[in-house]
*Asks:* 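A single structure is presented below for examination.
All values derive from a computational prediction rather than experimental measurement. In what follows, chains are A, B, ... by sequence order, proteins preceding strands, each numbered from 1.
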Amino acid sequence: MNPADLSGTRRLAVADYDLDATLGGGQAFGWSRVGEGWEGVVAGRWVRIEARDGAWTIRTARAETDWEWIDRYLGWDEDLAAVIATFPDDAPMRDAVAACRGLRLLRQDPWECLAGFICSTTKQVVQIQEMVALLARRHGDPVATPEGVAPRNAFPRPERIVEAGEAALRGCKLGFRAPYIWATAREVAEGRLDLDALAKRPEDEARAALMELPGVGRKVADCVLLFGLGFPNAFPVDVWIARALGRLYFPRARKLTQRRLVRFSTTHFGPHGGYAQQYLFHHARMNLGRAWAVDSAKKT
DNA sequence: AGACAGGAGCAGT
DNA sequence: ACTGCTCCTGTC
């Protein structure tokens, strides 16, 4: 290797992992498709991942001796077959698994995950990505990038969000979410909420603590529990899931309350309900489409 | 061009 | 417990 090239490169064989669905499917908002790969910032490091014929190339700006940070984030060594085996054996799940096999759950930084999903309310993925990118560009700390790659910042830590102030956050197109993010960042920055500690608490307690935060309701809290804190049974019910569940499991129901869907989802889908949810969600969005979902919602 | 988007919080019933 | 309204901002 050229001694002037200080970047780290790692190659490994990964099976049963759909990188596009996982990084671009709406569970994380900081990734961009660049050429044949994905580029983002994980644990304060710029990283590029290319998947080709089951072989991955992971590239970093600096040489790395320890890859635990990215292994943990991607969770590629998780036994997907074992997870899928816990799903209920019904037609909707079989269809979703057949269509999306290889879709995975990421293990994100809890703060970045929380901030991202506060931004997500009443927004579509591309718009959330834009807000998150603006926040990073204007308020995040720079990370090292390889020669020839444009400078890039990490997602701002809570302290930087607090410093930025609400007006600057509105400038990042956060709209009415600006005061939510700001106040939540302050709770974390000033030590009143220890996000990492939530992972060790019972799910109900962790959820309740999250829902104390401004801008965090049940759905956002469940996203953070599932995508950031590692609670495998957390099951975010957004409009897509609500429509999909209604159509697939309650085709004759007159109306479905959020509460009823939450109760159904947390009991019916087993110990890895969150994983099952991601499959149903992605399948409904990618393979069935909006017309399918909306039509079903109206056809009460 | 008015509704709507991968919600939350609030008041009112 | 449920309904209805508002909160920014783009997009179709």
*Asks:* If you measure from the C1' atom in C:dC5 to the same atom in B:dA3, how many Å do you get, rounded?
*Replies:*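 It works out to 16 Å between them.
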*Asks:* Just how far, in rounded Å, is C1' of B:dG7 from CG of A:D222?
*Replies:*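 My rounded result for the distance is 13 Å.
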*Asks:* Look through every strand shown and name the nucleotide pairing with B:dG6 as Watson-Crick or G-U wobble, where both distances are under 3.5 Å.
*Replies:*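 Pair assignment: B:dG6 / none.
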*Asks:* The side chain of A:K173 is closest to which nucleotide in this list: C:dG10, B:dG6, C:dA1?
*Replies:*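 Looking only at side-chain atoms, A:K173 lies closest to C:dG10.
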*Asks:* For the residue pair A:L103 and A:Q278, what are the closest heavy atoms and their distance?
*Replies:*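 For A:L103 and A:Q278, the tightest heavy-atom pair comes out as CD2-O, 3.4 Å.
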*Asks:* Spell out, as yes or no, whether a donor-acceptor pair under 3.5 Å connects the side chain of A:Q127 to the backbone of A:T122.
*Replies:*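 Not a single qualifying donor-acceptor pair exists.
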*Asks:* Check the geometry between A:F176 and C:dC8 and answer yes if their rings are stacked (centres below 5.5 Å, planes below 30°), otherwise no.
*Replies:*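 Check failed, A:F176 does not stack on base of C:dC8.
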*Asks:* Find the distance A:K123:NZ to C:dG10:C1' and express it as a whole number of Å.
*Replies:*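 Computing the A:K123:NZ to C:dG10:C1' distance gives 6 Å.
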*Asks:* Give one of base, sugar-phosphate or nothing for A:V126, where a contact means two heavy atoms less than 4.0 Å apart.
*Replies:*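 Touches nothing.
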*Asks:* So, for A:R104 and A:Y275, which heavy atoms are closest and what is the spacing to 0.1 Å?
*Replies:*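 Closest heavy-atom pair between A:R104 and A:Y275: CA-OH, 3.4 Å.
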*Asks:* Can you tell me the base-pairing partner of B:dT13? Count Watson-Crick or G-U wobble geometry only, both distances below 3.5 Å, and say none if there is no partner.
*Replies:*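 Base-paired to C:dA1.
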*Asks:* Which of these nucleotides, B:dA8, B:dG6, C:dG10, is closest to any side-chain atom of A:V220?
*Replies:*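 The answer is B:dA8.
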*Asks:* Measure CZ/A:F281 against P/B:dA5 and give the value in whole Å, please.
*Replies:*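 Whole-Å distance recorded here is 13 Å.
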*Asks:* Considering heavy-atom distances to DNA chain B, does A:E212 or A:C223 have its closest nucleotide positioned more toward the 5' end?
*Replies:*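 Taking each residue's closest nucleotide, the earlier one in sequence belongs to A:C223.
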*Asks:* When the ring planes of A:W69 and A:W67 are compared, do they come out parallel, tilted or perpendicular, using 30° and 60° as the limits?
*Replies:*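 Because their plane-to-plane angle is under 30°, the rings of A:W69 and A:W67 count as parallel.
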*Asks:* For nucleotides C:dG4 and B:dC4, find the distance between their P atoms and express it as a whole number of Å.
*Replies:*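 Looking at atom P only, C:dG4 and B:dC4 are 14 Å apart.
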*Asks:* Nearest to the side chain of A:R259, heavy atoms from C-beta on, is which of C:dC2, B:dG7, C:dG10?
*Replies:*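 Among C:dC2, B:dG7, C:dG10, the one nearest the side chain of A:R259 is C:dC2.
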*Asks:* Tell me: CZ of A:R170 to P of C:dC7, nearest whole Å?
*Replies:*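 Value for this atom pair: 11 Å.
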*Asks:* Using the ring of each side chain (for Trp, its six-membered ring), is A:Y249 parallel, tilted or perpendicular to A:F264, with breaks at 30° and 60°?
*Replies:*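 Rings of A:Y249 and A:F264: tilted, as their planes differ by 30° to 60°.
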*Asks:* Expressed as a whole number of Å, how far does the P atom of B:dA1 sit from that of C:dC7?
*Replies:*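 It works out to 23 Å between them.
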*Asks:* Heavy-atom nearest nucleotide on DNA chain B for A:Y180 versus A:Q27: which residue maps closer to 5'?
*Replies:*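 Taking each residue's closest nucleotide, the earlier one in sequence belongs to A:Q27.
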